[in-house]
Amino acid sequence: MNKEVNTDIVRPKQIPRRAFAAIAGEKLIELIIRLSGVSAIIFVLAIFFFVFREALPIFFSDHFDLFKFLFNTQWYPTSAVNVRYGTFALTVGSISITFLAMLIAVPFGLGSAIYISEFCGPKQKESLKIIIELLAAIPSVVWGFIGLTVMSRMIISITGAPVGVNLLNGGIILALMSVPIIVSISEDALKAVPDSYREAALALGATRWQIVYRVLLPAAKNGLLAAVLLGVGRAVGETMAVLMATGHAVQIPHGLLDSVRTLTANIAAELGEASVGSDHYHVLFLTGVLLFLLTFAVNLTADFVIRGIRRK
Amino acid sequence: MTGASTQVFNLTIRSAINLVLIALLMFTGCQKKSDEQKEEKQVTTIQVKGSDTLVNVAQAWAEQYKKVAPTVDVEVSGGGSGVGIAALLKGTIDIASASRNMKQEEIEAAKRNTGKDAKNFTIGYDALAVYVHKDNPMNEISLDQLAAIFSEGGETTRWSQLGVTIPGAGEDEIVRVSRQSSSGTYEFFREHVLQNKDFKLGSRDMNGSKEVVELVGNTKTAIGYSGMGYATPSVKKLSISSKAGEPACSPTVENTFSKKYALARSLHIYTMGEPTGAVKQFIDWILSVPGQKILEENGYVPATAAN
């Protein structure tokens with residue numbers, strides 16, 4: 001360090017020129033980086049503003065009632081006699097399918113992450129990681145197609161359900177779609193636990209399972225929670241696959257074999273027909289706001305949970 | 001936490017790469033288009049969008065018309081009659097196909113948006129068929145029974161209520177197969193069967209005429225409605241009577257034509273204002289003998305048979 005400082009002092013005349021170009025370049029790069037950092041905030045705000053602006057006029061419509069919008073199950077946006085905008089069945093559809101998907105995906109995802117990071121050899125690890133990344137690269141339309149054809153037939157022949165496109169089908173497809181995300185992020189989180197923890201546990205005579213259960217899982221808690229929540233985000237927001245695999249029926253499901261419709265699928269199916277500026281159009285944007293708030297709530301609780309864990 | 005931050009880092013890199021790729025794609029896409037335009041300037045494109053009922057026919061027209069007029073490119077897409085008409089009002093397409101009449105508010109919106117009147121061409125007739133699985137012993141149904149199955153507050157939810165037992169089916173509950181609300185078929189059924197009342201919630205709302213027939217063909221306890229041109233060997237079309245006990249009429253070409261069949265309807269295409277040039281020639285061709293023959297081959301009743 002001292003030497004460098006010395007050389008600077010030895011040639012004072014060249015410093016200002018170099019420094020000018022360097023400083024200008026640095027400032028520019030700094031500005032670009034700062035802009036890209038802030039851009040995320042700008043984009044989120046802009047999206048929220050746009051969606052909310054398109055939704056706003058519905059509050060002044062005669063057919064609209066916020067309480068009914070949230071808690072009524074009757075969705076008749078194009079009715080000729082009695083227009084009703086109740087999204088409760090759709091919300092329940094979205095939540096139930098996400099819950100089911102996570103019920104399947106979280107154990108599988110965490111289990112496979114633990115296996116990859118702690119139990120398997122380096123060669124197997126590489127090939128497993130590549131294959132899981134391949135799984136993440138399958139487009140959602142292809143998943144939907146699998147749900148519509150392969151899964152639906154399997155469900156009919158195994159359970160004897162009359163229709164194969166239902167909650168169970170959508171839940172399994174969504175679980176398969178979120179597993180790769182959960183695996184790759186939880187694997188990163190487990191890898192980030194310092195080896196000294198493992199060594200210390202081994203030195204104390206812990207078995208492999210004890211190391212995982214008592215040391216690694218508590219140490220990687222935050223990362224694992226982040227992995228699960230990204231999986232939830234994927235499941236809530238997924239549209240095409242659930243549109244094809246869930247049967248698209250507006251009703252509150254009473255069992256795994258009932259068809260449902262989700263908020264996302266409903267927007268995708270109906271926005272094309274709703275003429276711009278009509279009540280139906282605005283109410284679909286309001287459903288978008290609802291979806292936005294739903295994911296926002298999930299992320300916020302996650303944040304609080306993580307902070308709670310940190311304090312302890 | 002380093003794990004999470006590297007992940008975030010990876011994600012940003014990935015999204016940056018994606019952005020670059022998208023930009024590249026857009027760039028090359030634009031270039032290609034302008035190149036094509038330079039090469040064949042005289043090719044005109046006609047955009048047809050709308051009814052899922054008519055999408056197969058329109059596709060067949062587009063293919064045949066390519067042979068008649070090689071310089072005209074007809075692009076066809078579905079989405080539902082409502083989607084087609086909405087696109088026509090926005091001016092993004094040349095022709096909207098529809099399996100229902102344009103509504104009063106749509107005609108007014110057209111006038112407001114473009115200052116032109118929508119021009120209607122009746123290109124043929126269709127019977128809306130009610131489909132059940134081929135193993136279903138039922139052969140006919142009345143409009144009242146259909147309304148009781150499909151309408152909000154209708155009391156029929158089980159096949160036994162209609163006195164039907166389906167061999168080999170474990171369940172008794174009727175699986176209702178319907179269409180998404182942008183469909184002209186949906187609105188026609190609501191108007192003529194449900195008397196404008198609403199559908200019972202919980203039906204499987206399919207995104208196309210073919211999907212309805214496909215689901216009914218795979219489900220023994222299902223009942224659904226779709227254009228008569230979409231029949232497959234695994235489904236059965238029901239004869240329809242206006243009241244229980246009255247003679248039922250099957251959805252055939254003759255019955256559609258004589259309007260004996262209760263759910264017969266006309267099929268339309270719409271343009272904004274009087275069509276000119278290539279669009280007019282295309283419509284004239286549709287209404288001529290070869291065009292109408294294609295319509296007939298697809299299972300519909302030609303408009304020219306009326307004369």
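Labels below follow one simple rule: chain letters A, B, ... track the order of the sequence lines, proteins then strands, and each chain is numbered from 1.
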Quick check on [X] against chain A: is it the side chain, the backbone, both or neither that has a heavy atom closer than 4.5 Å?
X: B/Ser181; result: both
X: B/Leu89; result: neither
X: B/Lys49; result: neither
X: B/Asn207; result: side chain
X: B/Arg190; result: side chain

Proximal component of [X], with respect to chain B [non-hydrogen, under 4.5 Å]:
X: A/Arg261; answer: side chain
X: A/Glu187; answer: neither
X: A/Thr73; answer: backbone
X: A/Leu243; answer: side chain

Mind checking whether A/Asn82 and B/Lys197 have side chains closer than 4.5 Å, heavy atoms only? no

Do the side chains of A/Arg84 and B/Asp198 get nearer than 4.5 Å, heavy atoms only? yes

Quick check: closest heavy atoms across [X] and [Y], and the distance to 0.1 Å?
X: B/Gly202; Y: A/Ala249; answer: O-CB, 3.5 Å
X: B/Thr219; Y: A/Pro162; answer: CG2-O, 3.0 Å
X: A/Val81; Y: B/Asn196; answer: CG2-O, 3.5 Å

Looking at [atom1] of [X] and [atom2] of [Y], how far apart are the two atoms once the value is rounded to the nearest 0.5 Å?
X: A/His248; Y: B/Arg204; atom1: NE2; atom2: CZ; result: 12.5 Å
X: B/Glu152; Y: A/Ser79; atom1: CD; atom2: OG; result: 8.0 Å
X: B/Gln180; Y: A/Asn266; atom1: CD; atom2: CG; result: 11.5 Å

Is B/Lys116 atom NZ crowded by more than 12 heavy atoms from other residues, nucleotides or ligands, each under 6.0 Å away? no

Does atom CZ (B/Arg158) have a neighbourhood of more than 12 heavy atoms from anything else shown, all under 6.0 Å? yes

Most contacts with chain A, counted as non-hydrogen pairs under 4.5 angstrom, among B/Val83, B/Ile85, B/Leu201: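 Heavy-atom pair counts peak at B/Leu201.
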
Ranking B/Ala222, B/Gly79, B/Ser203 by heavy-atom pairs under 4.5 Å to chain A gives rank one to B/Ser203

